[in-house]
2 protein chains.
Amino acid sequence: MRVLGVDPGLTRCGLGVVEGEARALRMVAVGVVRTSSERSTGDRLAYVQDELDAWLDRFEPDAIALERVYAADHVPTVMTTAQVSGLVHLAGARRGLPVTLHTPTEVKAAVSGSGRADKAQITTMVTRILSLSEAPRPADAADALALAICHQWRGAGSARRELAAASERARLRSVAR
Amino acid sequence: MRVLGVDPGLTRCGLGVVEGEARALRMVAVGVVRTSSERSTGDRLAYVQDELDAWLDRFEPDAIALERVYAADHVPTVMTTAQVSGLVHLAGARRGLPVTLHTPTEVKAAVSGSGRADKAQITTMVTRILSLSEAPRPADAADALALAICHQWRGAGSARRELAAASERARLRSVAR
């Protein structure tokens with residue numbers, strides 16, 4: 001299965017594609033779409049939509065994992081983040097791709113084993129899980145990959161897969177020490 | 001000038017087209033796009049986008065007036081309202097149409113002379129300003145027309161137009177008594 005993870009945002013939108021099975025995930029692509037606050041909201045959304053479409057055309061994921069945004073979060077940017085999330089839902093609907101929401105806590109727990117892991121811990125685990133030669137930067141890129149990993153490990157909802165993921169996490173954490 | 005007013009929402013999205021000059025505004029069309037909460041967010045957004053596109057194709061407005069939504073408002077629906085607002089910004093950008101935001105207070109003040117007018121007062125004034133034979137229903141439809149009227153009266157930013165609007169409001173209020 002190939003999953004596109006999206007960390008939505010209008011200034012920076014993280015995109016990460018991960019494919020494989022629970023014990024053998026690999027990164028296909030990672031990137032960040034940036035738009036300038038000097039442009040109109042509509043132009044910025046159009047640019048993000050064009051980039052998102054280009055990624056979907058190029059990498060043809062089977063599913064999209066999107067961060068669930070709460071109205072109480074990050075108040076100054078919550079409206080634009082919701083707008084970008086809307087574009088992701090829309091793209092999924094237009095292409096018949098399932099869009100699954102994961103909360104930041106679920107993503108942290110899936111990747112690191114703790115729902116309260118900090119950004120550095122998430123980046124470290126993402127780097128190890130995907131056997132990357134260097135840590136993905138910026139944080140939005142790592143978060144998008146973490147979402148895709150979370151979906152690979154949680155999304156299938158199979159007990160066997162959950163167990164494999166837990167075992168893989170434990171192995172990688174011990175390696176990290 | 002022909003203006004499409006949009007009262008954004010995913011369950012109900014009000015649309016109203018108003019054209020003319022300050023003292024002679026007329027309604028071209030009014031309606032409400034409804035989607036069921038039983039469908040996925042993506043399917044609902046796609047339906048709203050299709051309807052919005054159909055309205056823009058059919059009525060060819062020169063400008064779009066959109067209600068400004070604040071993160072603090074209506075917390076349970078603020079995320080989906082922001083997503084629909086994003087589609088409106090996007091449609092404007094794709095078609096080269098200006099999208100102007102007006103706050104609820106601005107709209108109320110423009111239509112009724114008071115930023116604290118209630119829904120019944122707004123509906124009454126919209127009905128009179130547009131010389132409608134009956135009041136537009138539901139409130140989302142009246143709100144969309146009020147947005148378009150507000151834009152006609154405020155949007156041009158000309159002192160002459162503001163004066164004409166104030167005079168027209170005063171005349172219609174006195175008729176309403």
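Note that the coordinates shown come from a computational prediction; the quantities given were computed from them, not determined experimentally. Hydrogens, waters and symmetry mates play no part in the numbers below; they use all other heavy atoms, side chains included. Sequence lines set the chain letters: A, B, ... in the order given, protein chains first and strands last, and positions in each chain run from 1.
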Do [X] and [Y] belong to the same hydrophobic cluster, where Ile, Leu, Val, Met, Phe, Trp and Tyr are linked whenever their side-chain heavy atoms lie under 4.5 Å apart, directly or via other members?
X: Val30(B); Y: Leu25(B); result: yes
X: Ile149(A); Y: Val28(A); result: no
X: Leu130(A); Y: Leu15(A); result: no
X: Leu66(B); Y: Val33(B); result: yes
X: Ile122(A); Y: Leu145(A); result: yes

**Prompt:** Which residue out of Gly92(B), Ala91(B), Ala82(B) racks up the most heavy-atom pairs below 4.5 Å with chain A?
**Reply:** Ala82(B)

**Request:** Among Asp50(A), Leu10(A), Thr81(A), Val88(A), single out the residue with the greatest number of heavy-atom pairs under 4.5 Å to chain B.
**Result:** Asp50(A)

**Fill in**
Paired with His89(A), the side chain to side chain contact (heavy atoms under 4.5 Å, CB included) test is passed by just one of Asp43(B), Thr80(B), Thr41(B), namely Thr41(B)

Indicate the atoms forming the closest heavy-atom contact of [X] with [Y], along with that distance.
X: Arg94(A); Y: Ala46(B); answer: NH2-O, 3.3 Å
X: Gln83(B); Y: Ser85(A); answer: NE2-CB, 3.8 Å
X: Leu90(B); Y: Leu87(A); answer: CD2-CD2, 3.8 Å

**Asked** Given side chains that start at C-beta, do those of Val78(B) and Met79(A) come closer than 4.5 Å, heavy atoms only?
**Response** yes

**Request:** Verify the neighbour count for atom OH of Tyr47(A): are there more than 12 heavy atoms of other residues, nucleotides or ligands below 6.0 Å?
**Result:** no

